[in-house]
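The basis for the numbers below is simple: all heavy atoms, side chains too, and nothing from hydrogens, waters or symmetry mates.
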Amino acid sequence: MRRNLCVAVVLAGLGLATAVPAGAQAGGGDKASIEALYHRFDAAFNKKDVNGIMAEYAPDVFVFDVIPPRQYVGWDAYKKDWVDLFAANPGPVVSHVTHLSITVVGPVAYTHYMTEGSMTDKDGKTAQMNVRATDVLRKKDGKWLIVLEHNSVPVDMTTGQGDMLSKE
């Protein structure tokens, strides 16, 4: 049960942008395209559409996560994790991004944001969570894709426990 909650927390960190600050669009077409990527991802996440989620990732994606296995190498490994997450949490999911920041440097961009959300497990228990995320994106053939993702939660150093509700 604890592993399912941790997976939900980490992966909910990927449920992206519905609450994007207005400043995230400043800077032209690339930023707007990246913001649109996060809107598509968020819509797919909230519908549990794994294929829609994975459409935003490069085939060679690498993901650092906060729970074992702690990393996913490649598109297939990460897709399996999404399938497993939604199987373990068949109830409603809700996710949206706050504090989205987008920086574009040529064909590479990076973003950082907070995701607030909840997931409901097989027993009907709903877990609230906030996850910090940083992505690196690459533009290839006119399309932005996520190539690196790093999800985290703050840790209480006294207890060693992750703080799933922190908004900072």
Does some side-chain heavy atom of L37 sit less than 4.5 Å from a side-chain heavy atom of L137?
yes
Verify the cluster assignment for Y110 and V108: are they in a single hydrophobic cluster under the rule of side-chain heavy atoms below 4.5 Å apart?
no
Could you please spell out the steps behind the side-chain contact (heavy atoms from CB on, under 4.5 Å) verdict for M114 and V97?
CA-CA 6 Å; M114 291 287 299; V97 163; over 6 Å; no
Charged N to carboxylate O below 4.0 Å: is that the case for D42 and K47?
no
Heavy-atom side-chain contact between W82 and D49 under 4.5 Å
no
Non-hydrogen atoms of R138 and A58 that approach each other most closely:
NH2-CB, 3.8 Å
Y72 and Y57: aromatic ring centres closer than 6.0 Å?
no
4.5 Å side-chain heavy-atom contact, L100 and Y38:
yes
Side-chain heavy atoms of Y113 within contact of R132, under 4.5 Å
no
Decide whether V136 and L145 are clustered together by the hydrophobic rule: side chain heavy atoms of Ile, Leu, Val, Met, Phe, Trp, Tyr closer than 4.5 Å, transitively.
no
Whether the side chain of N89 engages the backbone of L85 through a donor-acceptor N/O pair (distance < 3.5 Å, no angle test) should be reported.
yes
Considering all heavy atoms of both residues, which atom of A44 and which atom of G52 are nearest to each other, and what is their separation?
CB-C, 3.6 Å
Are the side chain of D121 and the backbone of K125 linked by a donor-acceptor contact shorter than 3.5 Å?
yes
For the pair K80 and D84, evaluate salt bridge (Lys or Arg N to Asp or Glu O under 4.0 Å) and give the outcome as yes or no after the intermediate values.
CA-CA 6 Å; K80 181 184 180 316; D84 293 347; 2.7 Å; yes
Which is it for H112 and D135 under the side-chain contact (heavy atoms from CB on, under 4.5 Å) test, yes or no, and what are the steps along the way?
CA-CA 6 Å; H112 57 89; D135 293 341; over 6 Å; no
OG1 of T159 to CG of D156, rounded to nearest 0.5 Å, is 3.5 Å
Identify the two heavy atoms, one from V93 and one from F45, that lie closest to each other, and give their separation to 0.1 Å.
CG2-O, 3.5 Å
Heavy atoms only: give me the nearest S152-V131 pair and the separation to one decimal.
O-CG1, 3.6 Å
So S95 and N46, do their side chains get closer than 4.5 Å, heavy atoms only?
yes
Is any side-chain heavy atom of T115 closer than 4.5 Å to one of H96?
no
Output yes when a side-chain donor or acceptor of W75 lies under 3.5 Å from a complementary backbone atom of V61, and no otherwise.
no
Roughly how far, to the nearest 0.5 Å, is the CE atom of M54 from the CG atom of D81?
9.5 Å
On a heavy-atom basis, the closest approach of A55 and K143 is O-NZ, 3.5 Å
Enter the distance from T134:OG1 to N151:CG here, rounded to the nearest 0.5 Å.
8.5 Å
Is the closest side-chain heavy-atom distance between E56 and R40 below 4.5 Å?
yes
Least distance between heavy atoms, Q128 atom then S118 atom
NE2-CB, 3.5 Å
Could you check if a side-chain atom of V104 sits within less than 4.5 angstrom of a side-chain atom of K31, using non-hydrogen atoms only?
yes
Between CD on residue E116 and CE on residue M129, distance to nearest 0.5 Å
11.5 Å
Would you please classify the geometry between the F62 ring and the F64 ring as parallel, tilted or perpendicular, with 30° and 60° separating the classes?
perpendicular
